[in-house]
Amino acid sequence: QVQLVESGGGLVQVGGSLRLSCIASGRISNYAMGWFRQAPGKEREFVATSSWSAGSTYYADSVKGRFTISRDSAENTVYLQMNSLKPEDMAVYYCAAGHFAGLSTSPTNYNYWGQGTQVTVSS
């Protein structure tokens with residue numbers, strides 16, 4: 001069983017940066033980790049993912065070059081560094097863990113989810 005708790009969301013101006021953290025209660029060294037987001041009235045969408053070995057990462061086109069996913073296995077923590085934030089990045093961001101090899105952009109492949117953290121981008 002893995003429990004995930006996100007933090008680091010908040011209010012930021014357009015062009016600003018935030019770093020989201022996701023702390024896991026159990027070991028996540030053999031889990032793929034992902035970040036997803038959901039804006040009001042929209043479906044949950046994929047943002048970024050890291051394979052269990054952290055050897056591979058993959059990003060949604062909308063965030064590529066601006067966001068970076070990383071993980072600290074010793075601290076059981078996954079991060080999402082978000083730079084050059086845009087109004088369309090505003091959403092609730094969720095951390096997820098999936099017990100599978102490789103990478104996945106599909107939320108259905110992830111077994112555990114955090115409660116989410118709100119990111120608000122003001123113009």
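Everything numeric here is computed off the predicted structure, so don't read it as measured data.
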Next on the checklist: Does any part of the side chain of Phe46, heavy atoms only, come nearer than 4.5 Å to the side chain of Tyr58, both counted from C-beta?
Outcome noted: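 A side-chain contact under 4.5 Å exists here.
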Item to check | Electrostatic pair Lys86-Asp89, nearest N-O below 4.0 angstrom | outcome: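 Not counted as a salt bridge, because no side-chain N and carboxylate O are separated by less than 4.0 Å.
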Item to check | Sidechain-backbone polar pair: Arg66 side chain, Gln81 backbone, donor-acceptor under 3.5 Å | outcome: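 The answer is no, because no donor-acceptor pair under 3.5 Å joins these two groups.
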Item to check | Ser51 side-chain N/O to Ser56 backbone N/O, donor-acceptor pair under 3.5 Å | outcome: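 Side chain of Ser51 to backbone of Ser56, a donor-acceptor pair under 3.5 Å: yes, one is there.
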Please output the side-chain donor-acceptor pairs of residues 6-21 that fall under 3.5 Å, not counting sequence neighbours, one pair per line with the distance.
from	atom 1	to	atom 2	distance (Å)
Glu6	OE1	Gln115	N	3.0
Glu6	OE1	Gln115	NE2	3.4
Glu6	OE1	Gly116	N	2.8
Glu6	OE2	Cys95	N	2.7
Glu6	OE2	Gly116	N	3.3
Ser17	OG	Asn83	OD1	2.9

With rounding to the nearest 0.5 angstrom, report the [atom1] to [atom2] distance, [X] to [Y].
X	Y	atom1	atom2	result
Ser29	Arg71	OG	CZ	7.5 Å
Thr77	Met33	OG1	CE	9.5 Å
Phe36	Leu80	CZ	CG	12.0 Å
Tyr31	Leu4	OH	CG	9.5 Å
Phe100	Asn109	CZ	CG	5.5 Å
Thr57	Lys64	OG1	NZ	10.0 Å

Looking at every non-hydrogen atom in both residues, tell me the closest pair between [X] and [Y] and how far apart they are.
X	Y	answer
Val2	Tyr112	O-CD2, 3.3 Å
Met82	Leu85	CB-CD2, 3.9 Å
Ser62	Arg37	OG-NH2, 3.5 Å
Tyr110	Trp113	O-NE1, 3.4 Å
Ala39	Ala91	N-CB, 3.9 Å
Ala101	Trp52	CA-CD1, 4.3 Å

Item to check | Residues, nucleotides or ligands: over 12 heavy atoms within 6.0 Å of Tyr59 OH | outcome: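 Yes, because the 6.0 Å sphere around OH of Tyr59 holds more than 12 heavy atoms from other groups.
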Item to check | Gln3 atom CD, over 12 foreign heavy atoms within 6.0 Å | outcome: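 It does not: Gln3 CD has 12 such atoms or fewer within range.
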Next on the checklist: Under the rule for ring pair (Phe, Tyr, Trp, His ring centres under 6.0 Å), what residues qualify as partners of Tyr94, not counting sequence neighbours?
Outcome noted: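 For Tyr94 there are no ring pair (Phe, Tyr, Trp, His ring centres under 6.0 Å) partners, ignoring immediate neighbours.
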Next on the checklist: With side chain to side chain contact (heavy atoms under 4.5 Å, CB included) as the criterion, how do Ile69 and Tyr79 come out once you've worked through the C-alpha distance, each side chain's angles and the decisive distance to 0.1 Å?
Outcome noted: CA-CA 6 Å; Ile69 186 172; Tyr79 302 98; over 6 Å; no
Checklist entry - Does one side chain, of Thr108 or Ser106, offer a donor that lies under 3.5 Å from an acceptor on the other? => result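 Present: a donor and an acceptor within the cut-off.
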